[in-house]
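A quick write-up on the structure given underneath.
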Amino acid sequence: MAEKKVALTKQDRISVCIRSTFLQGSWNYERMQNGGYCYAMIPAIKRLYTTKEEQAAALKRHLEFFNTQPYVASPILGVTLALEEDRANGAPVDDAAIQGVKVGMMGPLAGVGDPIFWFTVRPILGALAASFAMSGNILGPILFFVLWNVIRYAFLWYTQEFGYKAGTAITKDLSGGLLQKVTQGASILGMFVLGALVQRWVSVSFPFKVSEVQLSEGAYIDWANLPAGGEGIKTAISQYASGMSLDPVKVTTMQDNLNSLVPGLAALLLTFLCMYLLKRKVSPIVIILGLFVVGIVLHVLGIM
Amino acid sequence: MNVISIVLVVIVAFLAGMEGILDEFQFHQPLVACTLIGIVCGQPAAGIILGGSLQMIAMGWANIGAAVAPDAALASVASAIILMKGGQGAEGASTAIAVAIPLAVAGLFLTMVARTLAVPIVHGMDAAAENADFGRIEMLQWAAIFMQGLRIAIPAAALCVVPAEVVSNLLNSMPAWLTDGMSIGGGMVVAVGYALVINMMATAEVWPFFFIGFALAAISDLTLIGLGIVAVAIAFIYLNLSEKGGSAAGGAAAGGSGDPLGDILNDY
């Protein structure tokens, strides 16, 4: 191999990485992330090409259609950097090769990036932080913001460097084991947590009374005839602990019945219904507005 | 709200708008945006609680492919401004969310406008590329990002200058059946976000893990962290077992069936 005439410095690669933060800034219906991709490549293009013709050609190359999950664009940028560097040093890398690598990688990588970031890391971090935040604890938002951005920048930088070093080899690695394992592990984790979230956070309750039963004497705490003072409280608590009812009338709501069957069943069924509707191409927005209407109507009817 | 608060709220809204498209720092997520607006308005606790509650609803709101979810940036900013002006503190969180979600849906229109306006911007980049004009491309990229910031900052400013009495009168004039009904609806709306996510992830292979999670979460003593530990452990066990199953059967049936039990049965 001949000595390289021009090479990208670490500083160039850091600039590209920082600029890749703004990848989606000019997202448009025509060529999607093309403007951001070109914007990110500018420090490298400036370093590698000196004539105006070469620079113009490189800029146009990276204004072609591009769209992927924004974080996994980093390994693609890394590979593109390596290819452009080879090209600037005289290797026979043509436009089609560069475009081919970009297009070839963006689809499969988006398939990895979307579930890992949007559907595993963000919901898990978000749920954890939100459970702090709902009690007014500022640690929740701080935890979310700091952890997310540490994970994100680490990912952007290391995968871009990995792509740069691996060059074209990375496309072969995509069919290899590691990436698949990570995706599989993430989807297992994600599905588990989703199951837990549906149980804990989807609230569907039917507080309407199904039955009212007058309990027989001795099955409930006889509040009128308790001893006075602390002794009375003690008696009441021990009676309650022994299973006596607080009220002389036992009220069973629809919710009690559902809970004794499977806790969270209604939430589960509602989630399945939403999944079904979404698969039938019903817009999520229609479903959301519909659920508000259903909530109001059923509440007015006294069912919910 | 005083002038300083309004200026700061508009700045937060601008950040949220830029992030709504960039999706990097997450300033548009309810946890961050609502908290920041709460802080600049001097009601941090209410903002944090609102952010937490709305985060739970907005969890699965991600624009993937053709599916379009409500605009998280506008939902966060609008609900936080409404909560701050309503003067009910954290109590008003569920009402503020219920009022803000339809607004966030309407905000999708602005998203479409911004993404269409970006088309002529990239055509400007094409022209600049002909002349290798780096500076112009960079300037156009920033112009597009600023436009996305204005997409949220302008509605936020409009919400800010509506007199506080109008907002609180509106909230107070809503009858109890309506606000209660909307909170009940809000409790159910969470399911839509989860359903979006499940539809993306679900395969026959990972469905069982959903049900394990669902059943274990009914034990209310188990914290989210505890559940997370169980989930990670199960994922590792599963990956290791499927690898072992795969390598045992590797010689006989190339590739294996991906099902450890099936491979063991095949060996008999």
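So that the names make sense, note that chain A is the first sequence line, chain B the second, and so on, each numbered from 1.
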Which pair of non-hydrogen atoms, one from [X] and one from [Y], has the smallest distance, and what is that distance?
{"X": "B:Glu24", "Y": "A:Thr21", "result": "CG-O, 3.1 Å"}
{"X": "A:Phe22", "Y": "B:Gln141", "result": "O-NE2, 2.7 Å"}
{"X": "B:Trp177", "Y": "A:His299", "result": "O-CD2, 3.4 Å"}
{"X": "B:Leu216", "Y": "A:Phe192", "result": "CD1-CZ, 3.9 Å"}
{"X": "A:Ala133", "Y": "B:Leu31", "result": "CB-CD2, 3.7 Å"}
{"X": "A:Gly295", "Y": "B:Ile184", "result": "CA-CG2, 4.2 Å"}

Item to check | side chain to side chain contact (heavy atoms under 4.5 Å, CB included) partners for B:Leu117, two or more places apart | outcome: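 Partners of B:Leu117 under the side chain to side chain contact (heavy atoms under 4.5 Å, CB included) test: B:Val113, B:Met147.
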
Quick one: what part of [X] sits under 4.5 Å from any heavy atom of chain B, side chain, backbone, both or neither?
{"X": "A:Trp148", "result": "side chain"}
{"X": "A:Asn137", "result": "backbone"}
{"X": "A:Tyr49", "result": "neither"}
{"X": "A:Val198", "result": "both"}
{"X": "A:Ser20", "result": "backbone"}
{"X": "A:Phe117", "result": "neither"}
{"X": "A:Leu156", "result": "side chain"}

Review point. What pairs of residues pass the salt bridge (Lys or Arg N to Asp or Glu O under 4.0 Å) test when at least one of them lies in residues 208-218 of chain B, not counting sequence neighbours?
Key: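 Passing the test, one end in residues 208-218 of chain B: no pairs.
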
At a 4.5 Å cut-off on heavy atoms, which part of [X] comes close to chain A: side chain, backbone, both, or neither?
{"X": "B:Gln148", "value": "side chain"}
{"X": "B:Ile219", "value": "backbone"}
{"X": "B:Ile57", "value": "neither"}
{"X": "B:Ala202", "value": "both"}
{"X": "B:Trp142", "value": "side chain"}
{"X": "B:Thr35", "value": "side chain"}
{"X": "B:Leu178", "value": "both"}

Taking [options] one by one, which has the highest count of heavy-atom pairs under 4.5 Å against chain A?
{"options": "B:Leu54, B:Leu222, B:Asp133", "answer": "B:Leu222"}
{"options": "B:Thr203, B:Ile101, B:Asp126, B:Leu140", "answer": "B:Asp126"}
{"options": "B:Thr116, B:Leu50, B:Ile121", "answer": "B:Thr116"}
{"options": "B:Val190, B:Val206, B:Val230, B:Ile145", "answer": "B:Val206"}
{"options": "B:Ala218, B:Pro44, B:Gly228, B:Ser220", "answer": "B:Ala218"}
{"options": "B:Gly185, B:Ala46, B:Ala114", "answer": "B:Gly185"}

Distance check, rounded to the nearest 0.5 Å: [X] atom [atom1] versus [Y] atom [atom2]?
{"X": "B:Phe211", "Y": "A:Met191", "atom1": "CZ", "atom2": "CE", "result": "8.0 Å"}
{"X": "B:Gln55", "Y": "A:Leu128", "atom1": "CD", "atom2": "CG", "result": "11.5 Å"}
{"X": "A:Ile188", "Y": "B:Tyr238", "atom1": "CD1", "atom2": "OH", "result": "6.0 Å"}
{"X": "A:Gln24", "Y": "B:Met18", "atom1": "CD", "atom2": "CE", "result": "14.0 Å"}
{"X": "B:His123", "Y": "A:Asn28", "atom1": "NE2", "atom2": "CG", "result": "7.5 Å"}
{"X": "A:Leu194", "Y": "B:Phe209", "atom1": "CG", "atom2": "CZ", "result": "13.5 Å"}

Open item on the list: Are B:Ile48 and A:Pro141 packed together at the side-chain level, in the sense that at least one heavy-atom pair is separated by less than 4.5 angstrom?
Closed with: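 Yes - at least one pair of side-chain heavy atoms lies under 4.5 Å apart.
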
May I ask you to list the residues in residues 38-48 of chain A that approach chain B closer than 4.5 angstrom, counting heavy atoms only, ordered by number?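 Listed by number, the contacting residues are A:Cys38, A:Tyr39, A:Ile42, A:Ile45, A:Lys46.
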
task: Could you go through the side chain to side chain contact (heavy atoms under 4.5 Å, CB included) check for A:Met134 and B:Met56 one step at a time?
output: CA-CA 10 Å; A:Met134 281 193 282; B:Met56 281 296 176; 3.9 Å; yes

Determine the option with the most heavy-atom pairs under 4.5 angstrom with chain B, choosing from [options].
{"options": "A:Lys279, A:Arg200, A:Arg31", "answer": "A:Arg200"}
{"options": "A:Arg152, A:Gln55, A:Gln69", "answer": "A:Arg152"}
{"options": "A:Ala267, A:Ala58, A:Ser135, A:Gly36", "answer": "A:Gly36"}
{"options": "A:Leu289, A:Leu291, A:Val293", "answer": "A:Leu291"}
{"options": "A:Lys60, A:Lys281, A:Gln33", "answer": "A:Lys60"}
{"options": "A:Val202, A:Leu23, A:Ile142", "answer": "A:Val202"}

Flag if over 12 foreign heavy atoms under 6.0 Å of [atom1], [X]:
{"X": "A:Tyr276", "atom1": "OH", "result": "no"}
{"X": "B:Phe236", "atom1": "CZ", "result": "no"}
{"X": "A:Glu30", "atom1": "CD", "result": "yes"}

> Strictly under 6.0 Å, is that where the ring centroids of A:Phe145 and B:Phe27 end up?
Replying inline: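 Yes.
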
inquiry  = Going by salt bridge (charged side-chain N to carboxylate O under 4.0 Å, His left out), name the residues that satisfy it together with B:Asp23, two or more places apart in sequence or in a different chain.
reply    =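 Expected list: A:Arg122.
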
